[in-house]
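To keep things clear, I will list the structure first and then write my remarks on it.
Heavy-atom basis, side chains included; hydrogens, waters and symmetry copies ignored. Order of listing sets the numbers, starting from 1, for every ligand and every atom in it.
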Amino acid sequence: MKNSLIIALDFSNKTDVVRFLEPFQDEKLFVKVGMELFFQEGPDILSFLKGKGHQIFLDLKLHDIPNTVYRAMKGLASIGCDLVNVHAAGGTDMMKAALEGLEEGTLAGQTRPYCIAVTQLTSTSEEQMQKEQLIKVPLEDSVLNYASLAKEAGLDGIVCSVFESRKIQEVLGADFLTVCPGIRQSTLSVQDQKRVATPKIALANDVSAIVVGRPITQAENPVDAYRLILNEWSGVKA
Ligand code: C5P
């Protein structure tokens, strides 16, 4: 899990996924399946990707009552995901239930999927959080609070920005996974991400794993883009 480069498969159907993966040939990748693809293709897309030997981050951000999350996670673990996530706002009981479901659903001889928490969505501004969620502290404090609750519940880490990673690991330990999107080859190319970092900056900030979507999926040559980012992320000089 540590040092992984996770490719966000932000496609709406299997045909596009197959077309994207084809030039990677037999290379084993770590891919992220989000709501768009999962809700179109269902669990079959996970079996398909597993069958090709890829590791899967299933990014469904579960947030419901503990029993429902427990049962959903039990099912997901049996399909064989490697990493799943929940909203920390669901509370410590829900996060503990997620872990129990994952443990119970993991097939004999397999390892339990890692489970990480989403704290505040990056689309939420401090002003919005204070006004709509009535959380009257700075956004950074709320992120750290949710991260601490995730750790208390036994989760493996959180989704966060590269720039939050160090502080979180200082407080919660270097083993607490920080999985970071918002990666660009140049900090000048931001698209709709607000604060972006290069793979090199992510490496320097000791983040555990990076999630990269469009810089690879929309590149003219996705395999070349993947290799460039992977080399930089692995600390290999280009
Ligand atoms: O295309 P891009 O590299 O911006 O994709 C980043 C991926 O990470 C997308 O799948 C997006 O949904 C996801 N993500 C994010 N910010 C978060 C959590 C997830 O960009 N805070």
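Ligand 1 has no nitrogen or oxygen under 3.5 angstrom from a nitrogen or oxygen of Pro215. The shortest N or O to N or O distance between Arg214 and ligand 1 is below 3.5 Å.
In terms of the salt bridge (Lys or Arg N to Asp or Glu O under 4.0 Å) criterion, residue partners of Lys50 (sequence neighbours excluded) are, by chain and number, Asp82.
Heavy-atom distances between Asp10 and ligand 1 reach below 4.0 Å in at least one pair. Ligand 1 is never approached by Gly182 to a heavy-atom distance shorter than 4.0 Å. Proximity of Gln218 to ligand 1 is not established, as no heavy-atom distance is less than 4.0 Å.
In summary, the side chains of Ser142 and Gln120 do present a donor paired with an acceptor at a separation below 3.5 Å, with no hydrogens or angles considered.
Centroid-to-centroid, the aromatic rings of Phe11 and Phe20 come within less than 6.0 Å.
Using a cut-off of 4.0 Å between Lys/Arg side-chain N and Asp/Glu carboxylate O, Lys131 and Glu126 are scored as not salt-bridged.
When each of Asn67, Thr68, Leu62 is paired with Asp64, the side chain to side chain contact (heavy atoms under 4.5 Å, CB included) condition holds for Thr68 and for no other.
Classified by interplanar angle (parallel below 30°, tilted 30° to 60°, perpendicular above 60°), the ring pair Phe24/Tyr226 is perpendicular.
Here is the list of ligand 1 atoms found below 4.0 Å of a heavy atom in Gly213: 1 (O), 2 (P), 3 (O), 5 (O). Within ligand 1, the atoms closer than 4.0 Å to a non-hydrogen atom of Arg184 are 1 (O), 2 (P), 3 (O), 4 (O), numbered from 1 in the order shown.
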